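Remember, predicted model here, so these are calculated numbers, not experimental data. Atoms within a ligand are numbered from 1 in the order they appear, just like the ligands themselves.
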Amino acid sequence: MRGDFHLTLRAAAIFMKNLKWWQKTAVYQIYPKSFMDTTGSGTGDIVGITQKLDYLQKLGIGAIWLTPIYPSPQVDNGYDIADYTAIDPAYGTMADFENLISEADKRGIKIVMDLVYNHSSEKNSWFIESKSSRTNPKADWYIWRDAKADGSAPTNWRGIFGGSAWNWCEERQQYYLHTFAVQQPDLNWENPEVRQALYDAANFWLDKGVGGFRIDAITYIKKPAEFVDGEPDNKDGTVAIHKMTANTPGILYFLHEFKKKVFDGHDIFTVGEANGVAAEELNQWVGDDGVFDMLFEFSHLTLAFTDGEIWCYPRKWKLTEFKKALSDSQIATKENGWCPIFFENHDQPRCMNHFMPEGADSIKAVKAFARILMTLRGTPFIFQGQELGFTNVAWDSIEQYNDISSRGQYELSLKEGFTSKEAMDFVHFFSRDSARTPMQWTSGENAGFTSGKSWLPIHDDYKTCNAEVEDKDADSVLNFYRKFNAFRKDSEVLMHGDYEELLQDDENIFAFVRSLGNKKIYTLVNFTPDKVSFDAGFLNKAKKIFGNYSTTEKGILQSTEAVVYEEEF
Ligand code: GLC
């Protein structure tokens, strides 16, 4: 029997060597506008990122995903791109970017770019040309349709940021489609010239030495052959565009071509943002037969929201739903593919507010999430500020919010008859600005983020929640992330062990075990503010290795307690 264990371990060790660099490391997501400002402009810049590379190296990450830094009117904070192969002067120059790549490289860190290829900005020269007439060389680069006989939009589809997904263009006397904001026209992927232009842009960044791509909103690129009205899901007769265009058959043809012309043959990773791909379809998207290395799949994050025009309205969710969503993707990628593990990004509330009960101790709660993040199978993605324990902001008036979707959802909530207090409560819960407040580096002025006026207010907890203070506190969230990240990297069990969910029907506790050879690592997290008990028989001889309480009793979990046990047999 022991011999078997040794064999399994040896096989695992060989496999470990075969893991790719991006499977072994954690990835850190930077929202450049809010990371570090070195010019006093009030918005972050590339030089600021370079300055903080030592901080990131100490955190132990191996790649940085930058949200878009291309020239952009910033209607959607850079997700509206005006030029795919340049740097927005607000962030610096191409030389700054090249310097970032080389400085990061010296520290073993790769730079990953965000490709926003479903749509461009309306200010992109491609769109300016396309809208100028029905006969120009780029006339077919976007999705143009005639009005219905009564002059109304071609279909009843509703854009993701609210309102019709069509906008009228005087010059062409036609409508164009925009899945997101009016200023973000959808590109026409059916046109091979458009696809080639997008592949060329991605190859331009590969030539600069980037380590991978995060591919935005990718499930929307293929539109149905026929554009027809959908069954309305809203009083105004509209239907969410997501239901009509997401993951349309034929999309994989485009993606395989994309892979062949751009990704193949490079030592990079790709992660697609793929709302609408179910766990059972994952194997067509990732792994040996798929197109990407990983997919951001959102079923564990969307549970807290309703599905409708006002999607920000909080929904009561059950812990068993959350656990199932995570377990499903763990199981789906077990044989084939790899998971990006994430609970926060620039579009999500902070995990403490998103998932933890009101009144929970926020430090304990964020550490509990860090444990889940680092012990599931996959590559952990840490969103800036998460490693410091950032929580949501709750500003008084909608005027203080910058996020285009917060403003849209607020207006819709009022139209629906909610009071302004209720509408603000929704905004406080979901606003993307909570993820976008500036990094808190010090307890000094503007949290050390800028010497000017910050583009978005700084969270008022910055005096205690910041990198400088947490660096010195051995028990801080930051030091916990550093420690646990290092632990994960060295743990064969966490890198490659099997995943099994435990206490599956329990509505209070998320418990799972990772096993490899003669070792097991258990993670247990209490998602309630109360003390809860469970049958701890399975913990047998396991020893606690990490916890967010100094003492732990097997079979009992205190309020938001999280414990990691290890067992060797
Ligand atoms: C993605 C981005 C989001 C952006 C949207 C439109 O979902 O993450 O920030 O608003 O695409 O590009």
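- Residues passing the ring-ring contact (aromatic ring centres under 6.0 Å, His included) test with Tyr175, sequence neighbours excluded: Trp168.
- The aromatic rings of His119 and Phe180 sit tilted, their planes meeting at an angle between 30° and 60°.
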Taking a 3.5 Å cut-off between nitrogen or oxygen atoms, can you list every pair linking ligand 1 to the protein, with distances?
unit_1, atom_1, unit_2, atom_2, d
ligand 1, 7 (O), Glu273, OE1, 3.2
ligand 1, 7 (O), Glu273, OE2, 2.8
ligand 1, 8 (O), Arg214, NH2, 3.1
ligand 1, 8 (O), His346, NE2, 2.8
ligand 1, 8 (O), Asp347, OD2, 2.4
ligand 1, 9 (O), His346, NE2, 3.1
ligand 1, 9 (O), Asp347, OD1, 2.7
ligand 1, 9 (O), Asp347, OD2, 3.4
ligand 1, 9 (O), Arg432, NH1, 3.4
ligand 1, 10 (O), Asp76, OD1, 3.3
ligand 1, 10 (O), Asp76, OD2, 2.5
ligand 1, 10 (O), Arg432, NH1, 3.1
ligand 1, 11 (O), Asp216, OD1, 2.9
ligand 1, 11 (O), Asp216, OD2, 3.1
ligand 1, 12 (O), His119, NE2, 2.8
ligand 1, 12 (O), Asp216, OD2, 3.0

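- Residues Ser132 and Glu171 approach most closely at O-CB, 4.3 Å, considering heavy atoms.
- Screening Phe342, Phe369, Trp317 for a ring-ring contact (aromatic ring centres under 6.0 Å, His included) involving His300 leaves a single residue, Phe342.
- Ring pair Trp395/Tyr401 is tilted by interplanar angle, where 30° to 60° counts as tilted.
- The aromatic rings of Phe127 and Tyr142 stand perpendicular to each other, their planes meeting at an angle above 60°, with 30° marking the opposite boundary.
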